[in-house]
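Quick note on labels: first sequence line is chain A, next is B, and so on, each numbered from 1. The shown structure was predicted, so the numbers you read here are calculated from the model rather than taken from an experiment.
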2 protein chains.
Amino acid sequence: MPPTTEEKIKSAARTVFHSKGFAATKTRDIAKEAGINLALLNYYFRSKEKLFQIIMMDSIHSLFQSILPIFFEEETNFFEKIEKFVSLYIEKLKTDPEIPLFILSELQRNPLVILEQVPFKEIFETSVFHKQYESAIEKKELNSISYYHLLMNLAGLTVFPFIGKPIFFQVGNLTSEEFHRLMEERKKWIPIWIKQMLTNELQAS
Amino acid sequence: MPPTTEEKIKSAARTVFHSKGFAATKTRDIAKEAGINLALLNYYFRSKEKLFQIIMMDSIHSLFQSILPIFFEEETNFFEKIEKFVSLYIEKLKTDPEIPLFILSELQRNPLVILEQVPFKEIFETSVFHKQYESAIEKKELNSISYYHLLMNLAGLTVFPFIGKPIFFQVGNLTSEEFHRLMEERKKWIPIWIKQMLTNELQAS
DNA sequence: GTCTATAACGTGATAGAC
DNA sequence: GTCTATCACGTTATAGAC
């Protein structure tokens with residue numbers, strides 16, 4: 001079944017918006033990428049703004065839908081959740097590496113539209129993951145480090161390599177294959193590093 | 001001494017470019033922010049593009065000039081350099097939190113202009129920091145983890161909280177004061193975490 | 001150096017034929 | 001549904017008075 005015109009436009013819009021952002025994207029670029037006429041874009045989506053909102057919501061959804069259930073699982077423990085999250089997220093970012101920077105860039109310029117629609121807060125506060133963390137802290141099984149530090153470390157270690165990719169490529173003449181190999185290694189390392197942070201004796205200097 | 005007109009324009013341009021990026025910035029916004037007439041912008045800087053290049057080079061310079069010398073010091077050891085870097089960088093990012101996202105966003109859309117002018121590669125390959133790392137690996141004082149992992153972890157842990165700030169604020173109703181307190185804590189924790197990664201027994205699962 | 005007025009152009013969107 | 005042609009507007013940049 002060949003893609004419909006609507007799908008061709010959405011797919012082209014995703015590509016162009018992801019790489020250039022809203023302001024730098026011309027509707028003509030999208031039409032050209034989709035191999036259709038400019039007028040069709042407005043016929044199907046009314047305006048550039050409407051089309052963008054759809055792509056943005058799709059992008060957020062595609063980035064979070066796969067990993068959210070992990071944090072709400074009852075049958076896995078705290079560190080198993082971290083392992084699953086890191087593996088799945090790196091896998092996702094290997095195929096769509098531009099999405100985080102896309103979201104974060106547009107977020108700075110238009111916070112409300114995005115943040116209002118994504119219940120980050122509820123997600124993290126009410127998750128089983130959060131409960132397991134609090135419980136482990138209370139039982140002194142884990143070092144008492146702020147939950148925010150944990151989230152920042154998890155996100156920073158997992159996502160940042162993809163955001164800073166062009167710089168790392170420049171620093172090391174890294175090829176795409178080498179980069180992917182490094183990301184595969186990180187699937188194993190990041191959970192180990194996180195576990196160390198939370199369980200080892202921490203000697204403040 | 002009051003700021004010259006040229007300085008007022010540059011300062012306004014920095015503010016607006018940093019928050020909106022090149023494409024979304026209108027020269028009228030800059031003129032208004034600077035409290036001057038639109039024509040003056042072209043009188044002093046010829047074009048929006050030229051003005052942007054100046055701001056971009058300034059931003060890169062301001063983000064790297066303070067931390068680069070650290071990596072080339074002869075008198076400090078490997079872990080002392082990490083401590084100094086983290087402290088200085090977080091301090092810098094507390095006053096200019098938008099610069100990393102600004103650079104990374106524009107980088108994706110226009111890699112050459114930026115990467116050509118910043119010798120990241122030389123910086124890291126020829127640094128004393130890199131030599132100390134290689135030497136410690138050879139003497140088996142450190143776990144043999146790729147240098148890229150080290151750079152990614154260092155950058156991810158330090159910079160990512162500032163890039164993802166709006167999300168963390170949403171997740172936790174974090175106030176600006178609490179965020180700054182967390183960043184102060186990270187000045188101490190990040191070097192410790194990095195040291196653990198490099199020196200502790202790492203049990204692969 | 002600084003301003004007002006305006007030229008030149010690009011872009012989002014629509015009208016209307018097919 | 002899809003196209004060509006065109007409108008309406010905003011934006012960058014400049015001309016020219018002061």
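- Distance A/Lys48 NZ to D/dC9 C1': 14 Å, rounded to the nearest Å.
- A/Glu185 pairs with exactly one of A/Lys188, A/Lys187, A/Arg181 by the salt bridge (Lys or Arg N to Asp or Glu O under 4.0 Å) rule, that one being A/Arg181.
- In terms of the salt bridge (charged side-chain N to carboxylate O under 4.0 Å, His left out) criterion, B/Lys26 has no residue partners (sequence neighbours excluded).
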Which atoms of nucleotides 2-6 of chain D (N or O only) lie under 3.5 Å from a protein N or O atom, and what are those distances?
residue	atom	partner	partner atom	Å
D/dT2	OP1	A/Thr5	OG1	2.9
D/dT2	OP2	A/Thr5	OG1	3.3
D/dT2	OP2	A/Tyr44	OH	2.6
D/dC3	OP2	A/Asn37	N	3.2
D/dT4	OP2	A/Asn37	ND2	2.9

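- In this structure, CZ of B/Arg46 is placed 11 Å from P of D/dA15, rounded to the nearest angstrom.
- The separation between A/Asn42 atom CG and D/dG1 atom P is 16 Å, rounded to whole Å.
- For the pair A/Lys81 and A/Phe129, the cation-pi test (distance below 6.0 Å, angle within 45°) is failed.
- Partner A/Phe162 forms a ring pair (Phe, Tyr, Trp, His ring centres under 6.0 Å) with one of A/Phe179, A/Phe102, A/Tyr89 and no other, that one being A/Phe179.
- In this model, the phosphate group of C/dG12 is approached by a side-chain N or O of A/Thr27 to a distance below 4.0 Å at OP1 or OP2.
- Within the 4.5 Å cutoff, the side chain of B/Phe22 has heavy atoms near those of the B/Glu49 side chain.
- Computed from coordinates, the A/Leu41 CG to C/dT11 C1' distance equals 13 Å when rounded to whole Å.
- End-to-end axis angle for the helix from C/dG1-D/dC18 to C/dC18-D/dG1, using five pairs per end and rounding to 10°, comes out at 10°.
- At whole-Å resolution of the value, CD in A/Glu7 and P in D/dG1 are 13 Å apart.
- Whole-Å rounding puts the A/Ile9 CD1 to C/dG12 P distance at 15 Å.
- In this structure the side chain of B/Trp193 reaches within 4.5 angstrom of the side chain of B/Ile190, judged on heavy atoms.
- Residue contacts for A/Thr4: at a heavy-atom cut-off of 4.0 Å it reaches no nucleic acid atom on any strand shown.
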Exercise. Check step by step if side-chain contact (heavy atoms from CB on, under 4.5 Å) holds for A/His130 and A/Phe71.
Key: CA-CA 8 Å; A/His130 186 220; A/Phe71 291 102; over 6 Å; no
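- Side-chain contact annotation: A/Glu73 with A/Thr76, donor-acceptor N/O pair under 3.5 Å present.
- Rounded to an integer number of Å, the gap from B/Lys26 NZ to D/dC9 P is 17 Å.
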TODO: For A/Lys94 and A/Glu184, run salt bridge (charged side-chain N to carboxylate O under 4.0 Å, His left out): C-alpha distance rounded to whole Å, both residues' side-chain angles, the deciding distance at 0.1 Å, then the answer.
DONE: CA-CA 10 Å; A/Lys94 277 168 75 177; A/Glu184 281 303 315; 2.4 Å; yes
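- When rounded to the nearest whole Å, the span between CG of A/Asp29 and P of C/dT11 equals 8 Å.
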